[in-house]
Amino acid sequence: MKKADIKNLSAGDIQNKLAETKAQYSKLKLAHKISPIENPIQIRDLRKTIARLNTELNTKQQ
């Protein structure tokens, strides 16, 4: 998810998207531990998306 897309979301939408992305991240990590996934870069991309969402949520709450 791009930074410009995240800026257009409201704080509630960001929280929902953050919960959804964290769940997806944990599922992907578990799947990768069991058997290597085809594209492990997805894990890194999800982690960065979570960081972007957290950053934007913090700025909107202040």
From [X] [atom1] over to [Y] [atom2], what is the distance, rounded to the nearest 0.5 angstrom?
X	Y	atom1	atom2	answer
L9	K17	CG	NZ	8.0 Å
D13	K60	CG	NZ	9.0 Å
T49	N54	OG1	CG	11.0 Å
K7	E56	NZ	CD	4.5 Å
S26	L46	OG	CG	10.0 Å
N8	I14	CG	CD1	9.5 Å

Next item on the list: Could you check if a side-chain atom of K29 sits within less than 4.5 angstrom of a side-chain atom of Q24, using non-hydrogen atoms only?
Entry: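 Answer no - side chains too far apart.
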Note to self: Using the rule side-chain contact (heavy atoms from CB on, under 4.5 Å), only one of N39, I43, D45 pairs with L28; which is it?
What the structure shows: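 Exactly one pass, corresponding to I43.
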Item checked: Donor + acceptor pair across side chains of N58, T55 (<3.5 Å) ->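 Judged by distance alone, the side chains do not pair up.
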Item checked: Considering all heavy atoms, the nearest P40-E38 contact ->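 P40 and E38 have their closest heavy atoms at CD-O, 3.5 Å.
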